[in-house]
Amino acid sequence: MNQPLICMTLTGKTLEEDYRLVRKYEKQIDIVELRVDHLNEDEQLYAKRFPSMINIPCILTIRRDVDGGLFTGSEFSRTTLFGRALAFADPDKTKNFAYVDFEEDYHVPSIQDAAMAFGVRIIRSCHNMTEPILNLREKCDSMRKTGYEIPKIAFMPKSLSDVANLFREGEAMTQYEHILCAMGPEGFPSRVLPVFSNSYLSFVSPEEMLANTNAIGHIDPITLNKLYHFKDITKKTNLYGVIGWPLPKTSSPAIHNHGFRKIGIDSVFLPIRSPNVYEALNFAEKMSFKGLAVTSPYKESVMYYLHEQSPEVIQIGACDTIIRKNNHWVGHNVDCLGFKHALTDFIGNFNLKRKKVAIIGAGGTAKAVAYVLKQFGAKVCIFNRTIEHAQNLAEKYGFEYCQLDQNCVEKLDEYSTLIIQATTVGMGEDSSSIENDPISFYNFRGNELIFDVNYYPSTTPVMKRASTAGCRTCNGYRMLEYSGHEQFRLFTNKEYEQ
């Protein structure tokens, strides 16, 4: 099989709008798909013109609503549109559609024969927007009615096991070209790694149109090329990733993929999203991942699956980095090192010894924070909504603890020299919403230091409110960088180069 192509799906309302998007992204893509079902009704009648407007192969698609598209008319109307777009083919094949997408149950001999006569390749597609499709090879075989079609299967996985099955079956499918795609957040690896399923292409959408395809998991072509270096991925490329849920946005791929590129290591790092840590690890094992970063909510639960644990993991009680060694997972904690360096950058020469410091939260990241603050000799109080978790962490280091609610204001004020916000509250959320500020009931005086371990958005809700009051604040991006560099060293045995 050849290197997978990048196909950009066009969902503009006019042909001119789609044309401008092709011109903008044409250096990043190999082929486009014109979604006629997204065009205005009057524009649909002139879809035939589009291939001659661009200098790139084009797929003609008129997707029905039951298959995730917008076309709600009759099959007669849809057939008429197919006929108009394919009729009177130009002798110059570059001015015609190169492909046409027919669903597996669409069989109109006159249209199909015309397509084949004009050299238009038929993609025979099957979509399931709610359930996985498991018998992929058998299904693809049955869809190739003439033996010339390119079968396409796109489905919504229930778990990463369904995505692993896609790769397992696709790996054995080498007899003919095919397209396999798992949709949604859990299906993301199938977008970046189609070379491992021998898939003919991977679908992307222009950044301007991602809202139209966000539910099925499209990314934009620049991200696919510049962040994941899609064209350089082969079956020999080493795989790394970050596991978590929901993991809506993570900067870890940018850090690691830059590092791999900088020193010439054939590796790629991508997010693995799953609401089940076992599923994430099982997928990584089946795909032969070499190492994983571990983020919320799995820094503690992942420890049950480790064969070996570093001294830091044992002491802290949380793991954020795992490496595959001799068919087992070996756990490390780099959050402690990342936080230590980032905090030192933030506070400079300020001595925390015997200073009163508050930690908001008692999860995996808070445990690493507590470990470091103990080394700094700070007096600490753990604030957490579940008081038992705060108590367990506090007693481990001889710290105080308190329930996180409106009644803790006096205690929080006592320990407010430095406030470490170590929960995921506010990560990726609206910075203007009070619900995304875990200590919204606390009134800042203006002399507190605020460190939020979150880094997206760059100014989190609690940071915004503290800054307005005059406080010095810091987000968690430097912590992420320092931690990522240490992860990189553990993954590759090489130092990270900026």
Side-chain angles (χ1 to χ4, degrees), residues 1-12 17-35 38 50-51 53-61 63 68 94 97-101 120-121 123 125 127 150-154 163 166-167 170-171 173 176-185 187-237 239 253-254 257 260-261 266-271:
M1 294 286 179
N2 296 323
Q3 186 74 9
L5 305 176
I6 298 177
C7 178
M8 186 169 74
T9 298
L10 301 169
T11 55
E17 184 179 9
D18 286 335
Y19 165 74
R20 289 196 299 267
L21 291 170
V22 174
R23 289 297 304 272
K24 178 179 179 179
Y25 292 98
E26 59 187 350
K27 292 183 179 180
Q28 304 290 333
I29 58 179
D30 304 298
I31 185 173
V32 297
E33 177 188 34
L34 179 65
R35 287 289 298 272
H38 278 259
F50 194 69
M53 296 169 62
I54 59 176
N55 296 311
I56 192 169
C58 186
I59 302 172
L60 170 65
T61 300
R63 186 74 67 223
T94 63
F97 286 100
Y99 306 81
V100 60
D101 187 313
V120 181
R121 297 196 66 184
I123 297 173
S125 63
H127 298 81
I150 300 174
K152 171 194 171 185
I153 297 179
V163 185
L166 177 150
F167 284 106
E171 183 182 23
M173 295 169 59
Y176 52 80
E177 292 164 336
H178 57 271
I179 302 168
L180 301 177
C181 180
M183 297 183 283
F188 184 82
S190 72
R191 309 263 178 203
V192 179
L193 305 175
V195 69
F196 286 88
S197 63
N198 293 313
S199 189
Y200 185 59
L201 55 79
S202 183
F203 288 98
V204 297
S205 286
E207 186 177 11
E208 296 87 340
M209 297 291 178
L210 279 176
N212 294 336
T213 54
N214 189 51
I216 60 176
H218 278 205
I219 59 174
D220 68 274
I222 292 179
T223 295
L224 188 63
N225 282 306
K226 294 194 174 181
L227 177 56
Y228 297 106
H229 307 293
F230 179 84
K231 292 295 185 180
D232 294 330
I233 299 174
T234 71
K235 292 181 180 179
K236 295 182 180 180
T237 299
L239 303 180
N257 288 328
F260 295 144
R261 196 80 169 176
D266 184 15
S267 300
V268 65
F269 186 103
L270 65 153

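What you are looking at is a predicted structure, and each value in this text was computed from that prediction instead of being measured. Starting from 1, each residue takes its place in the sequence as its number. Heavy-atom basis, side chains included; hydrogens, waters and symmetry copies ignored.
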Y200/I123 under side chain to side chain contact (heavy atoms under 4.5 Å, CB included): CA gap, chis, key distance, verdict: CA-CA 11 Å; Y200 185 59; I123 297 173; over 6 Å; no
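- Residues V32 and I29 approach most closely at CG1-CD1, 3.6 Å, considering heavy atoms.
- Side-chain atoms of L193 and L239, non-hydrogen and from C-beta on, do get closer than 4.5 Å to each other.
- When side chains are defined from C-beta on, I6 counts as touching K231, because their heavy atoms get closer than 4.5 Å.
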Set out, in order, the CA-CA distance, both residues' side-chain angles and the distance that settles side chain to side chain contact (heavy atoms under 4.5 Å, CB included) for V268 and F260, then state yes or no. CA-CA 7 Å; V268 65; F260 295 144; 5.7 Å; no
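- L180 and G170 get closest at one heavy-atom pair: CD1-CA, 3.8 Å.
- Side-chain contact between Y99 and I150 is present, with at least one heavy-atom pair separated by less than 4.5 Å.
- With a 4.5 Å cut-off on side-chain heavy atoms, F188 and I219 count as touching.
- The main-chain N or O of I233 is found under 3.5 Å from a side-chain atom of Q3 such that the two form a donor-acceptor pair.
- When all heavy atoms are compared, the tightest approach of I54 to V22 is CG2-CG1, 3.8 Å.
- When all heavy atoms of T11 and N212 are compared, the pair lying nearest together is OG1-ND2, 2.9 Å.
- Remark: R23 CZ to M53 CE distance equals 10.5 Å, nearest 0.5 Å.
- Under the 4.5 Å side-chain criterion, counting only non-hydrogen atoms from C-beta, P253 is not in contact with L270.
- Using bins of under 30°, 30° to 60° and over 60° for the plane-to-plane angle, the ring pair F167/F196 lands in the perpendicular bin.
- Taking OG1 of T213 as the reference point, atom CE of M183 lies at 12.0 Å (rounded to 0.5 Å).
- Within the 3.5 Å criterion, the main-chain N or O of S197 finds a donor-acceptor partner in the side chain of H178.
- Within the 4.5 Å cutoff, the side chain of L201 has no heavy atoms near those of the P4 side chain.
- Taking both residues in full, the closest heavy atoms of S199 and I179 are given as OG-CA, 3.4 Å, listed atom of the first, atom of the second, then distance.
- We find that R20 and E208 are not joined by a salt bridge, their nearest charged nitrogen and carboxylate oxygen being 4.0 Å or further apart.
- N257 is listed as a side-chain neighbour of L227, based on a closest heavy-atom distance under 4.5 Å.
- The minimum heavy-atom distance between M8 and P206, with the atom names listed, is CG-CD, 3.5 Å.
- A distance-only check finds no donor-acceptor pair linking the side chain of T9 to the backbone of S205 [under 3.5 Å].
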As a quick check of understanding, evaluate side chain to side chain contact (heavy atoms under 4.5 Å, CB included) for R63 and H127, giving each step before the final call. CA-CA 10 Å; R63 186 74 67 223; H127 298 81; 3.3 Å; yes
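- With rounding to the nearest 0.5 Å, the separation of NE2 in H38 from OG1 in T61 is 10.5 Å.
- Residues N198 and K235 bring a donor and an acceptor atom of their side chains to less than 3.5 Å of each other.
- In this structure, OG1 on T223 lies 9.5 Å from CD on Q28, to the nearest 0.5 angstrom.
- Under a 3.5 Å cut-off, the side chain of S202 and the backbone N or O of R191 do form a donor-acceptor pair.
- Contact annotation: the side chain of I222 never approaches that of E207 to less than 4.5 Å [non-hydrogen atoms, C-beta and beyond].
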Working for side chain to side chain contact (heavy atoms under 4.5 Å, CB included), residues C7 and I59: CA-CA 9 Å; C7 178; I59 302 172; 3.9 Å; yes
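- In this structure, CD on E33 lies 6.5 Å from CG on D101, to the nearest 0.5 angstrom.
- The distance from atom CD of E26 to atom CG of N55, rounded to the nearest 0.5 Å, is 7.0 Å.
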